[in-house]
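Worksheet: the structure to be examined is printed underneath.
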Amino acid sequence: MSTLPSLLAALVGRCRPRTLRGRLSLIALTTAALVMVVLTVVFNSIVRQRLQQQADNELHARAGAVAATVDTRHHPVRVLETPGDAALDTNVWIYAGTRLLEHPASAPPGDILTRTATALAAHGDRRCAEVMAGDRIRLCAEPVGDVRPGAEPAAVVVTAMDLAPYRASADTLLIASLALDASVLVGTYVLTRLAVGRALRPVRTMTEQATRWSVVASDQRFGADGRPVELARLGASLDELLDRIRAVLRHEQQLTRELSHELRNPLARITAELDWWQVRPRSTAETRTTHASIADAANSMRTICETVLDDARAGAQTVPGTADVMAVLRRLPARLGVRDKVTITVSGPDSLVAGVPAALLERIVAPVVDNAVRHARSRVAIQVSTEPDGTRVAVVDDGPGVPAAFTAHLFQPGRRADPEDGHGGAGLGLPLARRLARSAGGDVTHDDGHPPGARFVVSLPAG
């Protein structure tokens, strides 16, 4: 028994249309069916009530005609004989008080019809009742003589009628209305499917277009010409989405090409050093130089790989947390392995907390500081300050600064002001720092009003 609800649910789910066209058609059919059921019930109820009222009027009219043959001026009451009274007296009972004066030959005193007629006559007023005597028979009583309220009538005439013709008319109307309902429902379902199919034709066309198109290679777009307002808005939204996807894919492809190029250079250095080592023996000094060159190339490759991983993490949601800014910045030079000829100073309030985790803070500031160390002559200053909306970390060096023509390309992946300047790097540190900072609600900017040297500002949310 416990599996019955699940079986019913599975059956309903299997019978449920899977297409939007089928579901809308089913909704329209269900709505039309409910409306038609209500209208059919109301219409047939009114028809049956109207037919019953017509039958009662007919019975009272016949009773009035029979009452004209009853003489209530004398005592006892008597029934006058009139021509053709045999047809008039069919299914008629005449009472004088409780005394039965006349009754149909087919309904003797013990018959159910006579008993019902006697009960109606005993009330002495106009009322009707129905009995089942083979068919449904309706009887109505009509008082004769003094019919004032509270007065007993001198006589009562009761007439009966077979309701079979009226019931046949009502049944015929019910069948006709059901047939009409079925026709309307079929027409509603067919027309709804046709209308919905025609309305969804642009959607099907858009789906086929999206299947055929290549997001990157194709410049085709959905557009809004000749479409309904709703689909025009949908097409415009999809076009904007396609443009954004295309831009992102192009950016990722460019980044991949640049990373491949940058990885190829240190790998070629390592391969060349190993090949040269195998060709001839080397002295101890040359061996140290080779080791240093290979180590430098390996560190460069590691930096590039870490950049790729950090860039991927930047696309994910930043984990909330806080960090002691001064503690992170003071241990940063040791982690970067700064050259002895470059001095790094860190200044700022000691009790300063930023609204980013310590690891993320280090990954944001480290590329900026490393870039400053590469280009500085002798000094790099890290200046920390508080602002109303967060924390500012300014990294200032005394190097040649950023060329004015290259300022617009500073944060583009793989771009370097002078690739032949003798400094290492893949041109990925500053773009990565900005992306990481923005993922945490901050930013990395360049202050071009600080010659000589370069000044970069890292904005961080408050802790």
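FYI, the numbering just counts along the sequence from 1. These numbers come from the heavy atoms of this one structure, side chains and all, not from hydrogens, waters or symmetry mates. All values reported here derive from a predicted model rather than from experimental measurement.
- Scored by the salt bridge (Lys or Arg N to Asp or Glu O under 4.0 Å) test, Glu58 finds no partners at all (sequence neighbours excluded).
- The CD atom of Gln383 sits 6.0 Å away from atom CZ of Arg455, with the distance rounded to the nearest 0.5 Å.
- Taking the charged nitrogens against the carboxylate oxygens, Arg330 and Asp324 have no contact shorter than 4.0 Å, which rules out a salt bridge.
- When each of Val42, Val35, Val37 is paired with Leu39, the side chain to side chain contact (heavy atoms under 4.5 Å, CB included) condition holds for Val35 and for no other.
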**Request:** Apply side chain to side chain contact (heavy atoms under 4.5 Å, CB included) to the pair Val365 and Glu362, showing each step before the final yes or no.
**Result:** CA-CA 5 Å; Val365 180; Glu362 182 177 332; over 6 Å; no
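- The shortest heavy-atom contact between Leu185 and Ala33 is CD2-N, 3.4 Å.
- Here Gln52 contributes atom CD and Leu163 contributes atom CG; the two are 7.5 Å apart, rounded to the nearest 0.5 Å.
- Judged as a disulfide bond (SG atoms under 2.5 Å apart), not a single pair has a partner in residues 21-68 (not counting sequence neighbours).
- For the pair Leu352/Thr386, a side-chain contact is recorded, criterion being any heavy-atom separation below 4.5 Å from C-beta on.
- Ala323 approaches Pro357 most closely through the heavy-atom pair CB-C, 3.8 Å.
- Judged purely by atom type and a 3.5 angstrom limit, Asn57 uses its side chain to pair as donor or acceptor with the backbone of Gln53.
- In terms of heavy-atom proximity, Ser177 sits nearest to Asn44 at OG-ND2, 3.3 Å.
- Between the side chain of Ser169 and the backbone N or O of Pro165, at least one donor-acceptor pair lies under 3.5 Å.
- Between Leu332 and Ala366, the shortest heavy-atom contact is CD1-CB, 4.0 Å.
- Shown here are the side chain to side chain contact (heavy atoms under 4.5 Å, CB included) partners of Phe43, two or more places apart in sequence or in another chain: Val47.
- The salt bridge (Lys or Arg N to Asp or Glu O under 4.0 Å) search around Arg127 returns Asp125, not counting sequence neighbours.
- Under the side chain to side chain donor-acceptor pair (under 3.5 Å) criterion, Arg167 pairs with no residue, sequence neighbours left out.
- Looking at Leu139 and Thr159, their side chains never come closer than 4.5 Å, going by heavy atoms from C-beta outward.
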**Request:** Give the intermediate values and the outcome of side chain to side chain contact (heavy atoms under 4.5 Å, CB included) for residues Val444 and Ser459.
**Result:** CA-CA 6 Å; Val444 177; Ser459 304; over 6 Å; no
Sequence neighbours excluded and cut-off under 3.5 Å, please list the side-chain donor-acceptor pairs for residues 109-117, or say none.
residue : atom : partner : partner atom : Å
Asp111  : OD2  : Leu113  : N            : 2.9
Thr114  : OG1  : Trp93   : NE1          : 3.2
Thr114  : OG1  : Ala107  : O            : 3.0
Thr114  : OG1  : Pro108  : O            : 2.9
Arg115  : NH1  : Gly110  : O            : 2.6
Thr116  : OG1  : Ile112  : O            : 2.8

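- For Arg126, the salt bridge (Lys or Arg N to Asp or Glu O under 4.0 Å) test picks out Glu142, with sequence neighbours left out.
- Atom CD of residue Glu102 and atom OG1 of residue Thr69 lie 7.0 Å apart, to the nearest 0.5 angstrom.
- Under the salt bridge (Lys or Arg N to Asp or Glu O under 4.0 Å) criterion, Asp443 pairs with Arg434, Arg438, sequence neighbours left out.
- Val393 has its side chain out of reach of Ile364: every pair of non-hydrogen atoms, C-beta onward, lies at least 4.5 Å apart.
- Between Glu387 and Ser385 the shortest heavy-atom distance is OE2-OG, 3.9 Å.
- If you take CG on Leu178 and CE on Met36, they are separated by 9.5 Å, rounding to the nearest 0.5 Å.
- The closest side-chain heavy-atom distance from Val356 to Thr322 is not below 4.5 Å.
- To the nearest 0.5 Å, the span separating CG on Leu29 from OG1 on Thr31 amounts to 8.5 Å.
- The CG atom of Asp389 sits 10.5 Å away from the CG atom of Leu460 when rounded to the nearest 0.5 Å.
- The closest side-chain heavy-atom distance from Leu430 to Val368 is below 4.5 Å.
- Legend: residues meeting ring pair (Phe, Tyr, Trp, His ring centres under 6.0 Å) with His60, ordered by chain and number and at least two apart, are absent.
- The salt bridge (Lys or Arg N to Asp or Glu O under 4.0 Å) contacts involving residues 154-163 comprise nothing, where partners must be two or more places apart or lie in separate chains.
- In this structure the side chain of Ser25 reaches within 4.5 angstrom of the side chain of Thr192, judged on heavy atoms.
- Here the side chains of His446 and Val457 are not in contact, with every heavy-atom distance at 4.5 Å or above.
- Across all their heavy atoms, Ala141 and Val156 have their closest contact at CB-CG1, 4.1 Å.
- Glu130 pairs by the side chain to side chain donor-acceptor pair (under 3.5 Å) definition with Arg136, Arg138, not counting sequence neighbours.
- Annotation: ring pair (Phe, Tyr, Trp, His ring centres under 6.0 Å) contacts of Tyr95 (sequence neighbours excluded): none.
- Side chains of Leu329 and Val384 form a contact here, defined as non-hydrogen atoms less than 4.5 Å apart.
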